[in-house]
Amino acid sequence: MSTPTLDGCGREISYLRVSVTDRCNLRCVYCMPAEGVPDLGHNRMLRLEEIARLVRIGAGLGIRNVRITGGEPLVRLGIVDLVAMIRAIEDIESISMTTNGIALPQFAEQLAGAGLNRVNISLDTLDADRYRTITRRGRLEDALAGIRAAYAFGLTPVKINMVVMAGVNDDEVVSFAGRTVSEGWHVRFIEFMPLGEQARLARASYVSSTVTRQRIEEAWGPLVPADIEGFGPARTWRVPGSDGSIGLISALSQHFCSSCNRIRLTADGTLVPCLFSDLAYDLWEPMRAGADDDSLRDIWLEALAHKPAGHHLERALTTTSHQMSRIGG
Ligand code: SAM
Ligand code: SF4
């Protein structure tokens with residue numbers, strides 16, 4: 001097994017998030033403009049074999065856990081094949097996926113068979129009208145069917161991602177926390193991040209994780225630490241006695257930069273060492289020009305060496321140009 005590579009700040013980078021498409025079947029208000037994002041174009045999109053090759057090079061540098069994201073990963077043709085290709089890479093220990101869940105009834109069984117370990121499903125409300133408003137086109141019943149399919153085929157622990165927005169869905173925080181008790185859900189409450197064109201809305205609708213936690217504790221009593229498997233920045237808690245868990249993802253109010261172990265690969269072959277910096281390392285062009293693995297590995301190493309130590313997004317009035325749907329959260 002390869003030795004993990006340290007970044008320029010001495011952090012071990014073992015977690016790769018791969019955005020496999022910038023397209024999506026929804027248009028969530030916090031993520032995309034109503035008209036969607038400009039199409040990358042077929043040629044600019046990495047082929048499945050190219051993604052697998054880059055993941056293999058990353059595995060040689062210490063990547064152990066891969067999360068497939070998007071856009072919506074389940075609209076990418078050949079997604080099941082891609083999971084199987086990544087599963088075949090030595091040193092990759094776990095493969096997870098972040099999805100809106102709409103197409104999981106169709107794909108959950110095949111994905112599990114190909115080696116996907118678990119899913120995070122984005123669900124911001126349990127009210128059908130609100131779901132339609134937030135996603136601008138989705139049906140709540142489809143997302144709930146996706147959650148059931150994930151459980152049915154063992155893509156567990158299923159985690160529910162809820163972006164908390166003031167005046168939009170923050171009144172549902174307590175009932176989502178209730179599902180961790182009644183249904184054993186693992187809910188991750190995410191602070192609205194001011195990325196791309198959604199930055200203005202984010203500043204108007206921002207609710208800090210501290211406020212979210214206070215609301216939950218007022219209703220459910222003091223939370224206790226929970227030790228839930230995961231590779232990301234969530235601190236996890238639980239209502240005492242519940243089977244589920246509560247994660248609080250506070251990219252803005254409480255940095256997790258010093259322990260950040262991740263790097264991102266976009267659908268057009270760019271390595272992005274930090275979501276909150278414009279630093280980007282192109283792999284697409286050299287790869288299409290015929291670069292060998294060693295040259296691509298050198299670009300990986302450069303990206304790792306320059307991963308920023310931290311961000312100060314909470315102080316910034318404007319933010320990076322990364323669009324969430326392109327980079328995958
Ligand atoms: N389409 C998939 C989905 O929705 O789960 C995967 C891609 S989506 C960009 C990944 C995650 O980013 C989702 O959980 C979504 O809720 C979250 N997200 C998108 N925009 C965000 C924002 N501005 N702030 C915080 N989280 C955001
Ligand atoms: Fe699509 Fe996911 Fe973005 Fe919603 S959050 S628009 S489902 S990529």
Side-chain angles (χ1 to χ4, degrees), residues 17-37 40 67-76 79 96-104 107 116 118-125 130-140 142-143 146-147 150 155 158-166 168-170 176 186-209 212 230 232-234 247-253 262 264-267 272 275-276 311 313-314 319-329:
R17 295 179 70 105
V18 184
S19 174
V20 295
T21 178
D22 56 343
R23 296 186 196 163
C24 188
N25 45 359
L26 301 181
R27 296 281 182 275
C28 302
V29 290
Y30 49 74
C31 178
M32 275 198 195
E35 66 280 11
V37 289
L40 265 182
R67 176 171 297 277
I68 300 173
T69 175
E72 173 49 40
L74 296 181
V75 305
R76 175 78 202 244
I79 189 67
S96 52
M97 181 181 283
T98 303
T99 167
N100 59 37
I102 301 287
L104 271 179
F107 286 113
L116 185 71
R118 56 179 172 271
V119 288
N120 283 31
I121 299 179
S122 298
L123 182 74
D124 306 302
T125 177
R130 263 189 197 177
Y131 187 83
R132 158 103 23 206
T133 305
I134 293 172
T135 63
R136 294 199 186 98
R137 54 179 63 178
R139 295 193 320 166
L140 176 66
D142 293 339
I147 293 173
L155 297 172
V158 177
K159 294 182 188 163
I160 306 297
N161 286 2
M162 178 202 202
V163 178
V164 183
M165 292 167 279
V168 178
N169 65 351
D170 57 339
F176 268 66
H186 298 277
V187 181
R188 295 152 59 98
F189 296 97
I190 302 176
E191 286 183 355
F192 194 160
M193 291 182 247
L195 288 173
E197 294 178 18
Q198 279 58 50
R200 191 179 302 217
L201 179 65
R203 293 190 195 290
S205 314
Y206 176 73
V207 180
S208 75
S209 287
T212 297
L248 295 163
I249 303 191
S250 38
L252 254 66
S253 60
R262 60 179 55 188
R264 293 173 164 81
L265 176 65
T266 65
V272 177
L275 186 57
F276 301 113
H311 70 77
L313 205 58
E314 76 285 7
T319 178
T320 68
S321 56
H322 292 309
Q323 184 70 32
M324 199 60 139
S325 55
R326 182 176 163 263
I327 205 165

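Values reported hereafter were calculated over all heavy atoms of this structure, with side chains retained and with hydrogens, waters and symmetry mates removed. Remember, it's 1-based here, ligands and their atoms both numbered in the order they're listed.
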Proximal ligand 2 atoms for Asn100, defined as those under 4.0 Å from one of its heavy atoms:
7 (S)
Quick check on contacts: which atoms of ligand 1 are under 4.0 angstrom from a heavy atom of [X]?
X      : result
Ile190 : 25 (C), 26 (N)
Asn100 : 2 (C), 3 (C), 5 (O)
Glu191 : 24 (N), 25 (C)
Gly70  : 7 (C), 9 (C)
Thr69  : 6 (C), 7 (C)
Asn161 : 14 (O)

Between Arg17 and ligand 1, is there a nitrogen or oxygen pair with a distance under 3.5 Å?
no
Answer yes or no: does an N/O atom from Ser122 fall short of 3.5 Å to an N/O atom of ligand 1?
yes
Donor-acceptor side-chain pairing of Asn100 and Glu72 below 3.5 angstrom
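Glu72 and Asn100 do have a side-chain donor-acceptor pair below 3.5 Å.
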Side chains of Ser208 and Glu191: do they bring a donor and an acceptor to under 3.5 Å?
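No, no side-chain donor-acceptor pair sits under 3.5 Å.
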Quick one: does Gly71 get a heavy atom under 4.0 Å from ligand 2?
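Distance cut 4.0 Å: Gly71 passes for ligand 2.
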Atom 3 (Fe) of ligand 2 reached by Cys28 (N, O or S, under 2.8 Å)
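Here the distance criterion (N, O or S atom, under 2.8 Å) is not met by Cys28, so no.
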Does ligand 1 have an atom that lies less than 4.0 angstrom from a heavy atom of Gly71?
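The answer is yes: ligand 1 sits under 4.0 Å from a heavy atom of Gly71.
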Min heavy-atom dist Met162 to ligand 1 below 4.0 Å
no
So which bit of Thr99 gets within less than 4.0 Å of ligand 1, heavy atoms only: side chain, backbone, both or neither?
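Answer for Thr99: backbone.
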[X] to [Y] - nearest heavy-atom pair and separation:
X      : Y      : answer
Thr98  : Ser122 : CG2-OG, 4.4 Å
Val164 : Phe192 : O-CB, 4.1 Å
Ile134 : Tyr30  : CG2-CE2, 4.0 Å

Are Ile68 and Ile79 side-chain neighbours, meaning at least one heavy-atom pair lies under 4.5 Å?
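Heavy-atom side-chain distance check passes, below 4.5 Å.
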For atom CZ of Arg23, is the number of surrounding heavy atoms from other residues, nucleotides or ligands below 6.0 Å larger than 12?
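For Arg23, atom CZ is not crowded (no more than 12 foreign heavy atoms under 6.0 Å).
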Under the side-chain hydrogen bond (donor to acceptor under 3.5 Å, both in side chains) test, which residues partner Arg76, sequence neighbours left out?
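Scan of Arg76 (side-chain hydrogen bond (donor to acceptor under 3.5 Å, both in side chains), adjacent residues dropped) gives none.
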Within the distance-only criterion (no hydrogens, no angle test), does the side chain of Asp142 pair as donor or acceptor with the backbone N or O of Ile102 below 3.5 angstrom?
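Such a contact is absent between Asp142 side chain and Ile102 backbone.
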Which residues satisfy the salt bridge (Lys or Arg N to Asp or Glu O under 4.0 Å) test with Arg136, sequence neighbours excluded?
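With neighbours one apart ignored, the set is empty.
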Can you figure out which of Tyr30, Phe192, Tyr206 has its heavy atom closest to atom 16 (O) of ligand 1?
Tyr30
